[in-house]
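Heads up: the structure comes next, in structure tokens.
Side chains are part of it too, since the values below use all heavy atoms of this structure and drop only hydrogens, waters and symmetry mates.
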Amino acid sequence: MVKAIRVYEYGGVEVMKWEDVELGEPKSGEIKVKNKTIGVNYTDVYARRGAAESFNVPLPFTPDPLEGCEATGVVTVVGPEVTTCKVGDMVALAAGWHTPAYAEEMVLSSDRVVAVPPSIDPIVAAAAIFKGLTAEVLVRRCFKVGPGHTILYHATAGGVGSLACQWANALGATVIGTVSTKEKAVLAKVDGCHHVIIHKEENFVDRVMEITSGKGVDVYMTLLGRTISGESGNVTIQTYILNNILPLYIM
């Protein structure tokens, strides 16, 4: 028996129950992991509240990486035919299906984890892997950002935005970011944005065209999952949103 969070009804934090649950042994291709750290994300709250149909999980459930998104832990048991990791390895996972992360231990397929090297704090790995994978998809797969590109990233102050903007800057692109407050503008600058637009104070389309001398941008990225005020067509060649990129690595 191991301890895990169980949810029997949608609601606030009070619906999370810390209970004993049965955990089987790994089958072929599976491993058992003793969790060290789990990531906590907005999707956890959506699932617990039953607030978004796409995140709702049949009751009862233990929040898994589809909601919890991220976790790190130590491999304690290796099932038959596992060749990618061994007992004692620190591993991280992100966005798996039906692998309860809100638990002391979990059993999952070995192909759902990656090794965490000693140079990376497991807490950092758990906090960054889901957002880091999302950023990687944006800047290296949806649109391969490189020197000479100008990108517009909407809502840069979030976890994905902070990583994607740093990454795009390091790849040699000119990064334009939008934020909602002056405080977030300071963070966006630290995170690699060459130009920051506070969209509540100025029209971001006009500012982008001013910054680029009327040329617009090569790519416009947003994780809001919707069209931004219907104006983005004036400044973008290609637009990518979270709803489109998640299926690339949640398999």
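The CE atom of Met221 sits 8.0 Å away from the OH atom of Tyr153 when rounded to the nearest 0.5 Å. Rounding to the nearest 0.5 Å gives a distance of 12.5 Å between CZ of Arg48 and OH of Tyr10.
At distances below 3.5 Å, not a single donor-acceptor pair connects side-chain atoms of Asn35 with backbone N or O atoms of Thr37.
For His149, the ring-ring contact (aromatic ring centres under 6.0 Å, His included) test picks out Phe143, with sequence neighbours left out. In this structure, the side-chain hydrogen bond (donor to acceptor under 3.5 Å, both in side chains) partners of Thr178, at least two apart in sequence or on a different chain, are His154.
Connection of Val13 to Leu59 is established within a shared hydrophobic cluster, with ILVMFWY side chains joined at heavy-atom distances below 4.5 Å, either directly or through further cluster members. Met90 and Met106 fall into different hydrophobic clusters, where Ile, Leu, Val, Met, Phe, Trp and Tyr side chains are chained together by heavy-atom contacts under 4.5 Å. Hydrophobic cluster membership is shared by Val107 and Val21, with clusters built from Ile, Leu, Val, Met, Phe, Trp and Tyr side chains linked at under 4.5 angstrom. Both Val82 and Leu93 are part of a single hydrophobic cluster, where members link through side-chain heavy atoms under 4.5 Å apart. Val186 and Leu163 fall into different hydrophobic clusters, where Ile, Leu, Val, Met, Phe, Trp and Tyr residues are linked whenever their side-chain heavy atoms come under 4.5 Å apart, directly or through other members.
The other members of the hydrophobic cluster of Val196, by chain and number, are Val179, Ile198 (side-chain heavy atoms under 4.5 Å, ILVMFWY only).
By the 4.0 Å N-to-carboxylate-O rule, Glu104 lies too far from Lys34 to be salt-bridged with it.
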Show which side-chain atoms of residues 23-30 pair as donor or acceptor with protein atoms under 3.5 Å away, not counting sequence neighbours.
| unit_1 | atom_1 | unit_2 | atom_2 | d |
| --- | --- | --- | --- | --- |
| Glu25 | OE2 | Lys32 | NZ | 2.7 |
| Ser28 | OG | Glu81 | OE1 | 3.4 |
| Glu30 | OE1 | Lys27 | N | 2.8 |

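For residues 174-188, every residue pair satisfying the salt bridge (charged side-chain N to carboxylate O under 4.0 Å, His left out) rule, not counting sequence neighbours, is listed here: Lys182-Glu201. Within the structure, salt bridge (charged side-chain N to carboxylate O under 4.0 Å, His left out) pairs that include any residue of residues 149-177 do not occur (at least two apart or interchain).
Among all heavy-atom pairs drawn from Val145 and Leu171, the shortest one is O-CD1, 3.6 Å. Contact record, Ile176 with Ile211: CD1-CG2, 3.9 Å, taken as the closest heavy-atom pair.
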